[in-house]
Structure formats: C-alpha cells, structure tokens
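As a basis for the values below, the full set of heavy atoms in this structure was taken, side chains included, without hydrogen atoms, waters or symmetry mates. Because the structure is a prediction, the values reported are computed rather than measured.
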Amino acid sequence: MLDDLFVAGPLQQAALEFLTAPAWDRHRRSLRVHLRARREALLAALNRHLPQLAPRDVPRGGLHLWVRLPDNTDDVTVTTAAAAAGVTVFPGRPWYAAEPPAPHLRLTYAAAPPEQMDEAIRRLSTALPH
C-alpha cells in the first residue's frame, strides 16, 4: 500500500531542482508567448472562415478553444468528417459529466504552428453541414 503513496526521494529531488531552476521560468514565459500566438492565429482563422463558431469568451490561457456548433449538429459526425479532411478536432460530448447543453468541438492549438491554423479551419469548414 505504501508504494502507491510514496514517491522515491531521488525523484522528488529531481522534480524540485527542475521546478526551481531559472530555466523553468524561462520555459514557462516562452510557452506562454507561443501558446498565445497559436490561440490568436486560431481565432483569426475562425473569424475568417467560420465566424459563426468564433467564441465570444476567449480564455486567457490554456491549450484549447471550445466552439459551439449549431443546434442539432452531431459533434461526433463533424469530428469524423474533419478527420477525413485532415484535421483533428474533438467532440465536446465526452467532456461533459451529463448531457451537454449543446453540441461543441474542442479545438486544440497547443501543438500546431500558427501558420497552419488558417488551412486547418478552412478544412474544418468543409466538414460542417451546410
């Protein structure tokens, strides 16, 4: 039982050294700048290609944007069609503990460079029902 609750001393020391090193703060600042640029590129692409999906409330941080799909849209069907168009998005349904109030997509911008956002959203637009 103790093995489940115990982290070895050398691992604790390594984590402490990592998280208190000056490089950690530099990394976090750099990451914040890069994530903001990716989020802004995604928002610009949404406003250009799918303005009806652009979120009104934009998070100050994070890795994802949530977009609300039109009523009666199947988020899983859109996700499948987006994958066929070469874009990976996630249906909102699995992220709700109960029935979702409306269909949503989770758009993750953490790994894609800003210059790919416009093409990704253009492709996503082809996956939505017209």
Next on the checklist: I'd like to know if Val58 and Leu35 are part of one continuous hydrophobic network [Ile/Leu/Val/Met/Phe/Trp/Tyr, side-chain heavy atoms within less than 4.5 Å].
Outcome noted: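 Yes, same cluster.
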Next on the checklist: According to a hydrophobic-cluster definition based on side-chain heavy atoms being under 4.5 Å apart (Ile, Leu, Val, Met, Phe, Trp, Tyr only), do Leu43 and Trp66 belong together?
Outcome noted: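 No, Leu43 does not connect to Trp66 through the hydrophobic network.
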[X] versus [Y], closest heavy-atom pair with distance:
X: Ala102; Y: Asp71; result: CB-OD1, 4.5 Å
X: Leu50; Y: Ser125; result: CD2-CB, 3.6 Å
X: Ala127; Y: Ala82; result: CB-N, 3.4 Å
X: Ala120; Y: Val87; result: O-CG2, 3.4 Å

Taking the side chain as C-beta and beyond, is there a heavy-atom pair between [X] and [Y] under 4.5 Å?
X: Val78; Y: Pro129; value: yes
X: Leu46; Y: Leu107; value: yes
X: Leu53; Y: Pro70; value: yes
X: Leu69; Y: Leu128; value: yes
X: Arg93; Y: Val76; value: yes

Next on the checklist: Counting only heavy atoms not in Glu99 (residues, nucleotides, ligands), do more than 12 fall under 6.0 Å from its CD?
Outcome noted: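 No, the 6.0 Å shell around CD holds no more than 12 heavy atoms from other groups.
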Keeping the roles fixed (side chain from [X], backbone from [Y]), state whether a donor-acceptor pair exists under 3.5 Å.
X: Tyr109; Y: Gly62; value: yes
X: Arg39; Y: Pro59; value: yes
X: Thr20; Y: Leu16; value: yes

Please round to the nearest 0.5 Å and tell me the distance separating atom [atom1] of [X] and atom [atom2] of [Y].
X: Glu17; Y: Gln12; atom1: CD; atom2: CD; result: 12.5 Å
X: Arg48; Y: Met117; atom1: CZ; atom2: CE; result: 12.5 Å
X: Arg36; Y: Leu31; atom1: CZ; atom2: CG; result: 10.5 Å

Checklist entry - For Leu65, which of Leu42, Thr108, Leu105 qualifies under side chain to side chain contact (heavy atoms under 4.5 Å, CB included)? => result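 Among Leu42, Thr108, Leu105, the one that satisfies the side chain to side chain contact (heavy atoms under 4.5 Å, CB included) with Leu65 is Leu42.
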Checklist entry - Should the pair Arg106 and Phe90 be classed as cation-pi, given the thresholds of under 6.0 Å to the six-membered ring centre and 45° from the axis? => result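 Yes, Arg106 lies over the aromatic ring of Phe90.
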Checklist entry - Are a donor atom and an acceptor atom from the side chains of Asp75 and His104 found within less than 3.5 Å of each other? => result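 Checked: Asp75/His104 side chains show no N/O donor-acceptor pair below 3.5 Å.
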Checklist entry - Going by an N to O cut-off under 4.0 Å, is there a salt bridge joining Arg123 and Glu119? => result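 Judged by the 4.0 Å cut-off on N to carboxylate O distance, Arg123 and Glu119 do form a salt bridge.
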